Amino acid sequence: MDLEVKGVAASPRGQAELSSRGKKLSQGWKQATHGLRPADVPCLDLGKLGSSDEEDGDSYIPYSKRFPRIGPPDSSSTVSWGTPLQTPYAQHHQIQQLARKHCQKKMELSLEQKTIPENLPSPTDKYKLKYQQYEAEMKEGYKQYSQRTAEKKKNNAQSQESSQRTAEKKKNNAQSQESSRKTAHKKEDVAAERRKQTVVEQVMVDQLSRAVISDPEQSTNIGTYQRDRTFADLGTAPLRFRKRTLHETKIRTRSALTENVLSNKLRFDGRILSRNGRDACRELIGFFFMYDTSLTVYEYRQFGKNRTNALPFIQKGVYSHQHGQRKGQQYDLSDFYVGANLTFLSCNLSLPESIKQNPILTLRVTNIDEAAMDILKTTSVGIKQDITQQEIDESRVFKVVQGILKEKLSKRGVRVVTGLGKYFRELDRKRDGAFSKAVFKRALTVFHLEVPEKDFESLWLILDDNCNDEVDYGEFTRAIIGEMNEYRKAFVRKAYMKLDFNKTGSIPMVDIRKCYCAKKHSRVLSGDATEEEIKSSFLETLEDACSNSGEVSYCEFEDYYEGLSIGIMNDEDFVNILRNAWGI
């Protein structure tokens with residue numbers, strides 16, 4: 001290949017051919033670099049390529065090292081001379097790429113820099129005015145936009161701050177309400193403890209004074225303190241040696257009680273099982289004395305706003321059961337627990353006429369002094385608290401019957417309990433609350449509470465312990481339906497006593513409408529019902545249960561919440577319903 005190229009370059013014809021090729025290359029270069037500045041394109045000198053006649057003349061050295069060398073071959077550059085045979089096309093493409101890159105850079109510079117043509121005429125006054133107006137409008141628009149943005153930020157900040165303040169207020173209100181509620185509860189507890197302490201002090205004073213007054217040694221001729229024989233003939237003996245009577249002074253006898261003896265006692269709270277509102281809401285505090293197994297019950301009463309007093313309700317004495325399986329047995333320590341019933345013959349006691357209508361007075365123990373109970377259990381001997389087999393059998397029968405009716409009452413407990421109460425009150429002509437077996441069977445059929453015949457007969461044998469074919473309505477409903485515990489009962493009584501502050505035994509329906517609040521009802525909070533709907537539903541149900549639509553008695557109020565209690569398992573949920581509705 002080198003020999004052929006050298007031969008072509010050495011002949012005159014070859015030199016002419018090379019010269020023509022150089023001219024073509026020069027023309028292509030000019031076309032490619034058209035529009036480029038001299039500083040950007042290297043200078044190409046092709047004069048020596050055509051005028052050189054010497055075979056070994058100076059070879060052409062390009063201006064830039066980026067381009068291949070074109071010149072006559074020599075002995076030292078045989079390899080590099082072989083490339084120019086392929087360079088015209090490659091150089092052409094390289095030049096085009098350089099031109100494109102330069103054009104792109106120029107366009108970018110023209111876009112970046114605002115070019116104003118030299119021959120552009122100056123704007124007229126009309127366009128200058130329009131431009132000034134446009135510029136003023138743009139500035140005003142930007143100013144308004146910036147003001148709106150600042151106002152939005154300010155409003156957002158204010159709204160966030162106000163929302164935070166609102167949340168803090170709500171939190172503070174909730175905390176204040178909770179603290180006020182706790183404070184109110186503490187005040188109530190303190191007031192209740194003060195009442196109990198007042199009753200305790202009154203009981204101690206009464207029992208100590210009565211023990212001295214009733215002591216037979218007061219009236220005997222031979223007392224503990226006799227006259228001194230040395231002063232037998234003297235009528236003017238000292239007073240301490242004379243015979244003293246009750247009217248002269250108080251003396252200490254052998255059988256007199258002491259405070260230490262009376263302090264060995266158990267205190268308990270109680271209520272009367274009655275359908276009469278005045279009697280059911282009496283606040284009773286009882287005491288069981290261990291030294292003689294006697295008991296007494298006092299009533300704490302308030303006269304007006306400031307005057308209070310503790311009066312005896314059941315005189316101190318030794319009593320025995322008057323009803324149930326332990327009938328005739330004396331009361332002992334094992335008979336006192338929360339939920340226990342204490343029965344008395346009402347004819348033997350000084351009681352109000354409303355209570356004496358029933359021959360047997362039943363007291364329900366609602367609370368006991370646990371600390372005193374523990375002390376008495378450890379110090380007492382022979383106290384048995386074993387449950388008899390008969391009582392176990394009775395409890396099993398009650399559970400069986402209540403289990404049968406539990407599913408039926410779970411969905412319609414309020415309607416059934418209030419309906420039963422109204423049904424029996426309408427049938428109670430004698431106003432004694434006692435009904436026969438046939439009446440109870442018919443009532444269960446009317447309200448779709450059928451019980452198997454075997455279980456009903458077992459239940460009736462337990463309730464009708466006197467075998468007179470009559471059972472009190474309250475006992476029967478407690479046996480077949482059950483009743484809420486004393487913790488729930490206490491709040492029901494508290495709500496009723498708040499409404500019936502005059503202790504009349506009935507509440508006008510107008511007061512019920514005013515005092516009932518449904519704002520915190522669960523369905524109102526969830527959005528399923530409105531406050532007015534809940535209130536209307538409650539009043540409608542309560543009015544249906546009332547014999548007199550204008551007022552609500554205690555038994556009707558209790559029946560409503562007795563039925564409501566069936567479907568609520570948790571005690572706190574039930575108590576919260578009462579607190580939210582009545583503000584207790």
Side-chain angles (χ1 to χ4, degrees), residues 170-193 195-196 268-271 273 280-281 283 337-340 364-371 373 399 402-403 405-407 409-418 477-478 481-500 512 515-529 531 533-535 537-538 541-542 552 554 556-584:
K170 288 182 179 179
K171 186 177 180 181
N172 293 332
N173 290 335
Q175 290 178 353
S176 63
Q177 289 177 0
E178 186 67 22
S179 62
S180 62
R181 179 178 291 181
K182 289 181 179 179
T183 304
H185 292 168
K186 288 181 180 178
K187 287 181 179 179
E188 289 179 0
D189 295 339
V190 170
E193 193 61 31
R195 290 196 296 268
K196 291 177 182 179
F268 62 90
D269 299 336
R271 64 181 180 89
L273 293 184
C281 292
E283 191 172 358
Y337 54 89
V338 177
R364 172 69 56 82
V365 178
T366 59
N367 189 22
I368 61 172
D369 188 354
E370 295 289 348
M373 174 64 82
K399 287 182 179 179
Q402 292 171 9
L405 301 178
K406 184 176 181 181
E407 186 176 355
L409 291 170
S410 60
K411 296 180 180 179
R412 53 191 184 97
V414 175
R415 295 285 183 180
V416 169
V417 176
T418 55
T477 53
R478 284 193 293 271
I481 297 175
E483 63 177 340
M484 51 184 161
N485 56 38
E486 292 303 319
Y487 179 71
R488 300 188 182 191
K489 285 268 191 183
F491 283 92
V492 173
R493 293 173 66 238
K494 189 180 292 185
Y496 187 82
M497 286 189 287
K498 181 180 179 180
L499 297 170
D500 185 21
I512 295 286
C515 297
Y516 184 79
C517 178
K519 287 182 179 179
K520 295 183 180 180
H521 195 278
S522 58
R523 294 186 62 192
V524 175
L525 294 176
S526 63
D528 295 335
E531 183 181 351
E533 290 175 352
I534 297 297
K535 188 173 183 178
S537 176
F538 167 76
T541 305
L542 196 61
V552 181
Y554 174 76
E556 294 163 348
F557 189 82
E558 187 184 37
D559 284 345
Y560 176 86
Y561 283 103
E562 195 77 61
L564 184 66
S565 177
I566 295 174
I568 302 174
M569 302 301 296
N570 192 354
D571 289 344
E572 292 301 326
D573 293 341
F574 180 82
V575 170
N576 286 332
I577 290 174
L578 284 164
R579 282 176 175 165
N580 296 331
W582 305 109
I584 57 175

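We count residues from 1, following the sequence as given. Only heavy atoms go into these numbers, but all of them, side chains included; no hydrogens, no water, no symmetry mates. Every value quoted in this text rests on a predicted model; they were computed, and no experiment measured them.
Ring orientation note: the planes of Y496 and Y554 are nearly perpendicular, at an angle over 60° on the 30°/60° scale.
Note that the CZ atom of R493 and the CD atom of E486 stand 8.5 Å from one another [nearest 0.5 Å]. Here the CD atom belonging to E533 is positioned 7.5 Å from the CZ atom belonging to R523, to the nearest 0.5 angstrom. Atoms CD and CD, on E562 and E483 in that order, are 6.0 Å from each other to the nearest 0.5 Å. Atom-to-atom distance recorded for S522:OG and D528:CG is 8.5 Å, nearest 0.5 angstrom. Atom NZ of K498 is separated from atom CG of L578 by 11.5 Å, given to the nearest 0.5 angstrom. Atom CG of N367 is separated from atom CZ of R271 by 13.0 Å, given to the nearest 0.5 angstrom.
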Q: Could you give me the CA-CA distance, side-chain angles and deciding distance for L499 and C515, then say whether side chain to side chain contact (heavy atoms under 4.5 Å, CB included) is met?
A: CA-CA 8 Å; L499 297 170; C515 297; 3.7 Å; yes
Q: Quick one: do D269 and K196 satisfy side chain to side chain contact (heavy atoms under 4.5 Å, CB included)? Show the steps, please.
A: CA-CA 9 Å; D269 299 336; K196 291 177 182 179; 3.0 Å; yes
Q: Evaluate the criterion side chain to side chain contact (heavy atoms under 4.5 Å, CB included) for residue pair M497 and E283; output intermediate values, then yes/no.
A: CA-CA 11 Å; M497 286 189 287; E283 191 172 358; over 6 Å; no
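Across all non-hydrogen atoms, the minimal contact from N580 to K520 is OD1-CD, 3.7 Å. Closest approach of L409 and I566 over heavy atoms only: O-CG2, 4.0 Å. Across all their heavy atoms, I534 and Y516 have their closest contact at CG2-OH, 4.0 Å. Of all heavy-atom pairs between Y560 and T541, the closest is CE1-CG2, 3.9 Å.
Looking at residues two or more places apart in sequence or on another chain, you find a side chain to side chain contact (heavy atoms under 4.5 Å, CB included) between S565 and M484, R488, F574. Partners of Y487 by side-chain hydrogen bond (donor to acceptor under 3.5 Å, both in side chains), not counting sequence neighbours, listed by chain and number: E572.
Residues F538 and V414 fail the side-chain proximity criterion, which asks for heavy atoms closer than 4.5 Å. Residues V365 and Y337 are not in side-chain contact: their nearest non-hydrogen atoms beyond the backbone lie 4.5 Å or more apart. Residues K519 and V524 form no side-chain contact, since every pair of their non-hydrogen atoms from C-beta on lies 4.5 Å or further apart. Side chains of V417 and T477 form no contact here, defined as non-hydrogen atoms less than 4.5 Å apart.
Aromatic pair Y561/F491: centroids not less than 6.0 angstrom apart.
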